[in-house]
There are 2 protein chains.
Amino acid sequence: MAPSKLKSAETDAAPRRRRKSVVAVDGETERPVTRIQREKQDIILEAALEVFSLHGFRGATIDQIAERAGMSKPNLLYYFPRKDEIHRRLIGQLLKTWLAPLEEMDANGDPFPEIRSYIRRKLEMARDFPRESRLFANEMLQGAPRIIEMIEVDLKNLVDEKARVLLAWMDQGKIARTDPYHLIFSIWATTQHYADFDVQVRAVLGPGRGGEGRFEDAARYLEHLFLYGLTPRPRSIDKMSGKS
Amino acid sequence: MAPSKLKSAETDAAPRRRRKSVVAVDGETERPVTRIQREKQDIILEAALEVFSLHGFRGATIDQIAERAGMSKPNLLYYFPRKDEIHRRLIGQLLKTWLAPLEEMDANGDPFPEIRSYIRRKLEMARDFPRESRLFANEMLQGAPRIIEMIEVDLKNLVDEKARVLLAWMDQGKIARTDPYHLIFSIWATTQHYADFDVQVRAVLGPGRGGEGRFEDAARYLEHLFLYGLTPRPRSIDKMSGKS
DNA sequence: CAGAATTTTGACCAGTTGGAAAAATGTTAG
DNA sequence: CTAACATTTTTCCAACTGGTCAAAATTCTG
């Protein structure tokens, strides 16, 4: 039903010294080597995603993760000797995936199609990867203790860059002049809301409108919001250019 | 510096049987009776808000709360015999306060000033009560196990009512025709973002723009977004009517 | 298949957690 | 002042937590 995992795209060309169990010298977990290791680590990460995203780091227990992964706790610890290494791995993978949609926003494209696509992509991520979204939200709520540097460096740089793109579009009169940073924030907020506050959204919409169609409704609404705002306008002006 | 607590406005006219310790018959915690009880409970709730909002229910410990409240764990347990009763009380108080800004939105007022004020009020709450916002967000992330009924009844009813108000405004051509539920969601999302993702916001804005002014910037931006969207417009058209 | 390496298990542990009991210490009305 | 109640502290506990370890079971490789 739901796409289960974010692909890691992490093949790591270096062959490394093998034959040494999964646990590495300096406390870091090595890349999986055997087929079994790869499989089991994936199973564990999948289970951990479920549990961490629901209870946060402190609220999640290794036992819960192990149970969901269908293995004993010591067995799990054989693959990830520390709880926080599982978490670190998840978060590490996550941020890259999280930034991807924004990275795709192309300075050379048409502003409105670019922005609209960005919103769509973010909304799709909220729909297809809600647990990842919640994991991220949990980390943020707790003050992002484990990823603050990534936020301050990688994320900030990317946003700075894209803010410049937006500013350029504003200078060219292609989109309204407004604050590019808060613009980006508002796209994050509105889209991730549908993952992080899913319970609320569904409860408020009720069984009818809270069904599968809610993401399409949201997409339509957000498109309108970011394009026109709430100012009433006469009959059919052509919608956002660049169709589909 | 920061306003510390949401006022409870809970005087509870009923005199009740007194003299019976704080613990009530059926496991429920009674309303505080003596001056000391009221004070201590307030201190505890304040400490608990801090801890719960940061770590979520499972991640928070009674010891942490007790320490922050400046008392021993058993002493704290004298006032709230169960951990989850502290949480329940916090959440209970919270939801009422949380709904207030939306309740104020007046069907007889002018749409744009009403909506704009609502956004302002929500943004002020994000600024002045970030812990309350995070407590709420934490609960949502976990699937709202402890308040789902309130969400499904009280919150839903209120939103339904206000959605009708918005629809009426749309019918009268006073605001653009769009989805009233998702409109409300987007206001929640964009404003609460500044409390729940505060770390990220500050990190991305950097030391300069991430300072105290960020809420004013956000207010200005959101006003523009909800009024006009991103469609570029010619020179000064009058801003949202109905000042301050 | 044998031997080596990998994987899994069961027993265990020290620290933490939510909470109970009861004794000790205030506080206050009569 | 003192009995009755309210509050606080001390001590304790059973369940849970993250994590260790050695032995057993399994898988892989030649």
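If you're wondering where the values come from, they're calculated on a predicted model, not measured in any experiment. Chain naming here is simple, since letters A, B, ... match the order of the sequence lines and numbering starts at 1 in each.
For A:Q37, a side-chain nitrogen or oxygen approaches OP1 or OP2 of C:dT7 to under 4.0 Å. In terms of phosphate contacts, A:S72 brings a side-chain nitrogen or oxygen within less than 4.0 Å of OP1 or OP2 of C:dT9. In this model, the phosphate group of D:dT8 is not approached by any side-chain N or O of B:Y78 to a distance below 4.0 Å at OP1 or OP2. Within the 4.0 Å cut-off from OP1 or OP2 of D:dT9, at least one side-chain nitrogen or oxygen of B:N75 is found.
Under the 4.0 Å criterion applied to side-chain N and carboxylate O atoms, B:E46 and B:R131 are assigned as salt-bridge partners. A salt bridge is defined here as a Lys NZ or Arg NE, NH1 or NH2 lying under 4.0 Å from an Asp or Glu carboxylate O, and A:K156 with A:D160 meets this definition.
Within the structure, the side-chain hydrogen bond (donor to acceptor under 3.5 Å, both in side chains) test picks out the following pairs touching residues 195-204 of chain A (sequence neighbours left out): A:S133-A:D196, A:D198-A:R202, A:D198-A:R214. Among residue pairs with one or both ends in residues 53-67 of chain B, those qualifying as salt bridge (Lys or Arg N to Asp or Glu O under 4.0 Å) are B:D63-B:K73; sequence neighbours excluded. Within the structure, every pair that satisfies the salt bridge (Lys or Arg N to Asp or Glu O under 4.0 Å) test and touches residues 138-154 of chain A, not counting sequence neighbours, is listed here: A:E139-A:R146.
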Name the pairs: protein N/O against N/O of nucleotides 18-24 of chain C, kept only if under 3.5 Å.
unit_1, atom_1, unit_2, atom_2, d
C:dG18, OP1, B:A60, O, 3.3
C:dG18, OP1, B:I62, N, 3.4
C:dG18, OP1, B:K83, NZ, 3.1
C:dG18, OP2, B:I62, N, 2.9
C:dG18, N7, B:K73, NZ, 2.8
C:dG19, OP2, B:K83, N, 3.0
C:dA20, OP1, B:R82, NH2, 2.7

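Regarding A:L76, its CG atom lies at a distance of 15 Å from the C1' atom of D:dT20, rounded to whole Å. Distance, A:E67 CD to D:dT17 C1': 15 Å, rounded to whole Å. Atoms CE (A:M71) and P (D:dT26) sit 16 Å apart, rounded to a whole Å. Computed from coordinates, the B:I44 CD1 to D:dT7 P distance equals 11 Å when rounded to whole Å. One interatomic measurement links the two molecules: CD1 of A:I65 to P of D:dT17, which rounds to 11 Å at whole-angstrom precision.
Among residues two or more places apart in sequence or in another chain, the side chain to side chain contact (heavy atoms under 4.5 Å, CB included) test is passed with A:S117 by A:R121.
Checking B:N138, B:I65, B:L45 one by one against B:F52, the side chain to side chain contact (heavy atoms under 4.5 Å, CB included) holds for a single residue, B:I65.
Rounded to 10 degrees, the angle separating the terminal helix axes of the helix from C:dC1-D:dG30 to C:dG30-D:dC1, each built from five base pairs, is 10°.
For the pair A:K40 and A:F80, the cation-pi criterion (under 6.0 Å, within 45° of the ring axis) is not fulfilled.
No donor-acceptor pair closer than 3.5 Å links the side chain of A:K162 to the backbone N or O of A:P180.
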